[in-house]
Every structure is written in C-alpha cells, then in structure tokens.
Amino acid sequence: MTIKVGEQLPPAPPSLTEEKPDAQASFNTSGKIVVVGVPGAYTPPCSSHVPSYIKTYLDLLNKGVQDIYIIGVNDQFVMNAWRNHLISEHSTAGAELKQLHFLADRNAEFVKSLGLAFDASGLLGGYRSQRFALVVENGIVKDVRVEDEPPNLTVTLADQVLKSL
C-alpha cells in the first residue's frame, strides 16, 4: 500500500545508510523535510532529476525545508560518488549543501515500506524505487508525488515541489 498524506513517515531501517555503509540514516522528525526517491544513481533520468534539487537548494531552505533526502537503491559508495559528481557539476549555491543527504537503500527496504518500490529486474537488476517526492512536516506526510513511469520528470521536480510548500 502506498504511503498517503496524513500518514507517519516510517523510520529508517538499518539498511538505509548515509555516508558510510554501516551508518544508519535517520530523518529529521521536527520541521519540514523533502524525501526524494530515484530508481538508480547515474541513470540518465535520475542524473537529470536530482540537479533540480541542487539548483533550488537555497529556495527550498528559504521555504522552510530543513533537510532534503535523496534515496537511491544503490550501495553507499555509489551514492557518495554520485553526490560529489552532481554537486560539482550543478551547485551554484556557494554552500556546502549540508542539508542535502544522499541515502543508500541497498535492499529497497525503505521504499518497500512506503509502497513505492517496483521490480526493475529486466533493466536495473532487482527492486528499485519509484520516482517520488514527499513533503513531510513533523514526521507526517503532507504531500505525495509519484511519477507515472520511472523515466518521467514532471511532478517530482524541485520546482513542482516548491509550488506545494
């Protein structure tokens, strides 16, 4: 069942990591956060999607967003390398982007708990995240945006999320 507006964001499972493969991620549960799911690091649509959050980073913070979480069904080493690559290519904020977190959901456990996983075995070798964006405030989901097809980039782009804040 897909997560809905008004529901609590599930806690991060041990397999959801940030920065190091053994460092369990956690979500800021006070204030406003944006959680973005992508099918896979370095894929062309995902490498076009995530820069929208890098380019609007300061706009999102100015709208009260405290943290932005990018979640990919990859290992943490890939997510770290992808983060560094995308920020070096697209950052104009002049900041370190400390509130932009790249999380590895190595078993798709977290996106499955959201009801936002799909079987991409034919192309990407297993379960992956649907392309989605959630606005969460004080742990409660306020907005759910899911693309109709994984390569689509419409309702989950940062400018669309900004309009909902």
Joint hydrophobic cluster, M79 plus V34, side-chain heavy atoms closer than 4.5 Å: yes
Any residue meeting ring-ring contact (aromatic ring centres under 6.0 Å, His included) with Y69, in chain and number order, not counting sequence neighbours: F27, H101
T154: side chain to side chain donor-acceptor pair (under 3.5 Å) partners, not counting sequence neighbours: E147
Separation between CG of L134 and NZ of K142, rounded to the nearest 0.5 Å: 13.0 Å
L97 side chain near R83 side chain, heavy-atom distance below 4.5 Å: yes
Sequence-distant partners of S30, side-chain contact (heavy atoms from CB on, under 4.5 Å), two or more places apart: N28, N138
From CG (N80) to CD (E18), nearest 0.5 Å: 8.5 Å
For T56, all residues meeting side-chain contact (heavy atoms from CB on, under 4.5 Å), sequence neighbours excluded: D59, L60, A158, L162
Spacing of D148 atom CG and R131 atom CZ [to the nearest 0.5 Å]: 12.5 Å
Working for side chain to side chain contact (heavy atoms under 4.5 Å, CB included), residues V36 and V50: CA-CA 9 Å; V36 179; V50 175; 5.5 Å; no
Same cluster (ILVMFWY, side-chain, under 4.5 Å), I68 and V38: yes
Approximate separation, where rounding is to 0.5 Å, of N84 CG and F102 CZ: 9.0 Å
Nearest non-hydrogen partners of K32 and V135, listed with the distance: CG-CG1, 4.2 Å
ILVMFWY network linking L100 to L103, side-chain heavy atoms under 4.5 angstrom: no
Partners passing salt bridge (Lys or Arg N to Asp or Glu O under 4.0 Å) against D143 (at least two apart in sequence or in another chain): R145
Minimum side-chain heavy-atom gap L86-P51 below 4.5 Å: yes
Steps toward side chain to side chain contact (heavy atoms under 4.5 Å, CB included) verdict (I140, Q8): CA-CA 5 Å; I140 304 298; Q8 178 110 18; 3.8 Å; yes
Within 6.0 angstrom of Y42 OH, more than 12 heavy atoms from elsewhere: yes
Exercise: identify the closest heavy-atom pair between C46 and W82: O-CZ2, 3.5 Å
Hydrophobic cluster membership, Y53 vs I87, 4.5 Å side-chain cutoff: yes
Shared-cluster residues of L157, by chain and number - hydrophobic side chains joined below 4.5 Å: L153
From D119 atom CG to R128 atom CZ, the distance as rounded to the nearest 0.5 Å: 11.0 Å
Side-chain (S164) to main-chain (V161) donor-acceptor, under 3.5 angstrom: yes
Euclidean distance, Q66 CD relative to T29 OG1, rounded to 0.5 Å: 10.0 Å
Heavy atoms from other residues, nucleotides or ligands near CG of D22 exceed 12 (cutoff 6.0 Å): yes
Closest non-hydrogen atom pair between A104 and N74, with its separation: CB-O, 3.2 Å
Shortest non-hydrogen contact from D67 toward V65: O-CG1, 3.4 Å
side-chain contact (heavy atoms from CB on, under 4.5 Å) against E7, all qualifying residues, sequence neighbours excluded: I3, K4
I70 with Y57, same ILVMFWY side-chain cluster at under 4.5 Å: yes
Contacts of type side-chain contact (heavy atoms from CB on, under 4.5 Å), residue E89, not counting sequence neighbours: H85
Compile the donor-acceptor pairs under 3.5 Å between side chains in residues 106-118 and protein atoms, sequence neighbours left out, one pair per line.
{"unit_1": "R106", "atom_1": "NH1", "unit_2": "P21", "atom_2": "O", "d": "3.2"}
{"unit_1": "E109", "atom_1": "OE1", "unit_2": "S15", "atom_2": "OG", "d": "2.6"}
{"unit_1": "S113", "atom_1": "OG", "unit_2": "F110", "atom_2": "O", "d": "2.6"}

